[in-house]
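Structure first, then comments.
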Amino acid sequence: MIPLTFIKLKRRYYFMKYKFQRLNHIWKFIILALLGVLLWICVWNSSSESVVHVSYDKETSLEVHKTVQQNVENYCNFPMRTSGAEGSLNLDKLLNQQRFQLEMTQVLIRHGDRTPAVFIANMDNGNYDYDCTFKTADYNHQQMFEEYAQATRHFTLREFAKVAKTIHHLLPSGQKCQIGQLTQKGFLQHFSLGKHMRTAYSGLINTGIKSSDLLVRSTQRRRCVQSAAAFLYGLLTKDTIMSEGVTINITSEIWFKEDDDGVSYHCPSLRRRWDQYKQRRDYVAGAAKIEPIMQQFSRLLRTPRASLPTIIFLTDAIYTRHCYKYTLPCGPGGCVSEEMAAKAMEFGTWAITENCTGIADVATHPMLIQIAKRMINKSQRKSTLKFVLLSGHDTTVTPLLLNLGVHDRKRWTPYATRVAFELWRDTAVDSSQQPDAIDNFYFRVLVNGKVVTSKMKFCGDALVKGELCPVQELVSWLSDGTGVEGMDKKYKTLCSFS
């Protein structure tokens, strides 16, 4: 059978060859040209599908894998890293840490784990099953979900500027995840973080905290409001929430540019400052380095370069899959390789950091002014606040850390990041004769449990053992040395940029 088939194929080959030789030169040229085009198409498809698979030696591949895993561990932050130095000074016996008393804590958090931020055309978005329910086989988790669900009935949600009640879903909306939705992991992260803070700040929380002792603000994104509620459940427990009730003030300002009365700080030049920053030579050069990988994404997704989302959203698609150990994103032109993922993480981190750098001062000075004013009011006994919670995004936290000079520019702000501003009073100083003085009040800043006060750009020699900075130094920096009244004036000067 096989020899007969071979003979038939051989005869057909010679017949086709005879026919081709009988053709005139024009037809021969046309046929050869068509075969050449078909061959080129096959080669192009093959090369484009493998464009994301760059050849690396074994040592380089291991290094790339290590880098990716470190980035993922930092960013995903699950299981939640809750160990930290919050609420406990690390001072020597000569200074006697007993003389310092914690008076108030203000905490800024990033929301927890979520689904991808945007829908990306031609990417295999539907192949991933994120858990946006409270269904679980873990008994402890199930108990927390049930208690949290009961506690949510006692939250009041209020539009901050309008002083009017509003409606937000504090529970998962359904089994099918929506874009940018807080996942089960996201809730668990903030349950854990709130519980850690309850232990760290037991001296504040366990002394009969009341609703009047709390100030809670959140941006209007549902994942941020839910993260704030989950954090408060861990911080206060179900019983405290049910007996006291808690109000979450919701704002449209991602940088909390309002005072505590809801009056907004306006800065018309903010957008212009950002546009001018992007015209700087170093920014243009950095953006140009991103182009090769953007072209790779364009070929992978079969999407014109101009129609692609930014490198930040493309990197987000990689991180959100890595957090669940899912396969990397794919498109009609192939799948993202680990080498490509490493490059995307590097450039995505650069992009979000640089975008925030250009506006860090004008974006976050109002938030810092309010943090300072709350410290001053507390020191002058004009406020009963014990705990302030602000719930936002990576684009809320990152510019704040950049403005303070404590941001790690090589790391993307992780899920459930927390930045704590602690207010400490020096009890060795007699303030009875000068009740309005802030000279005996100090503050400390911690990022994810690590003290970073010594890294800030303005404390300098005023630091106490590398941990405590006089509140007066913060006021002086925010006002260019002109005092409390000068803080708002300096902001107007910043916004007069042209």
Open item on the list: Using a 3.5 Å distance criterion without hydrogens, assess whether the side chain of Arg302 forms a donor-acceptor pair with backbone atoms of Gly331.
Closed with: no

Open item on the list: Within the 3.5 Å criterion, strictly below it, is a donor on Asn249 or Arg158 matched to an acceptor on the partner's side chain?
Closed with: yes

Task: Lys455 with Asp408: basic N within carboxylate O range, under 4.0 Å - done: no

Task: Side chains of Asp131 and Thr133, donor plus acceptor under 3.5 Å - done: yes

- [ ] Please determine, by modelled atom types, if Glu86 and His196 share a side-chain donor-acceptor pair under 3.5 angstrom.
- [x] yes

Open item on the list: Does the plane of the ring in Tyr233 sit parallel, tilted or perpendicular to the ring in Tyr148? Use 30° and 60° as the thresholds.
Closed with: perpendicular

- [ ] May I ask you to decide if Arg99's main-chain N or O and Thr427's side chain share a donor-acceptor pair within less than 3.5 Å?
- [x] yes

TODO: Start with the C-alpha distance between Gln69 and His322, add both sets of side-chain angles, then the distance that settles side chain to side chain contact (heavy atoms under 4.5 Å, CB included), and finish with yes or no.
DONE: CA-CA 9 Å; Gln69 292 306 310; His322 252 307; 4.1 Å; yes

TODO: Look at atom CD of Gln70 and say whether more than 12 heavy atoms of other residues, nucleotides or ligands are closer to it than 6.0 Å.
DONE: yes

Task: Flag if over 12 foreign heavy atoms under 6.0 Å of NZ, Lys457 - done: yes

- [ ] Rounded to the nearest 0.5 Å, what's the gap from CZ on Phe313 to CG on Leu308? Could you check?
- [x] 13.0 Å

- [ ] Check the angle between the aromatic planes of Phe191 and Phe145 and answer parallel, tilted or perpendicular using the 30° and 60° thresholds.
- [x] tilted

Open item on the list: Which residue is it: Ile311, Thr67, Ile318? I am looking for the one with a side-chain contact (heavy atoms from CB on, under 4.5 Å) to Met345.
Closed with: Ile318

Task: His393 side, atom NE2; Ile109 side, atom CD1 - distance, nearest 0.5 Å - done: 11.0 Å

Task: Thr398 side chain to Thr413 side chain, donor-acceptor N/O pair below 3.5 angstrom - done: yes

Open item on the list: Taking the ring of Tyr130 and the ring of Tyr326, is the distance between their centroids below 6.0 Å?
Closed with: yes

Task: Donor-acceptor contact below 3.5 Å, side chain Lys257 vs main chain Cys267 - done: no

- [ ] Report yes or no: is the cationic atom of Lys386 (NZ for Lys, CZ for Arg) closer than 6.0 Å to the six-membered ring centre of Tyr201, at no more than 45° off its axis?
- [x] no

- [ ] Report yes if the distance between the aromatic ring centroids of Tyr442 and Phe100 is under 6.0 Å, otherwise no.
- [x] yes

Task: Lys195 atom NZ, neighbour heavy-atom count above 12 within 6.0 Å - done: no

- [ ] Please indicate whether Arg221 has more than 12 foreign heavy atoms, meaning atoms of other residues, nucleotides or ligands, lying under 6.0 Å from its CZ.
- [x] no

Task: Flag for Tyr128-Thr320: side-chain donor and acceptor within less than 3.5 Å - done: no

Task: Whether Thr353 side chain and Trp350 backbone form a donor-acceptor pair below 3.5 Å - done: no

Task: Salt-bridge present (Asp361, Arg273; N to O < 4.0 Å) - done: yes

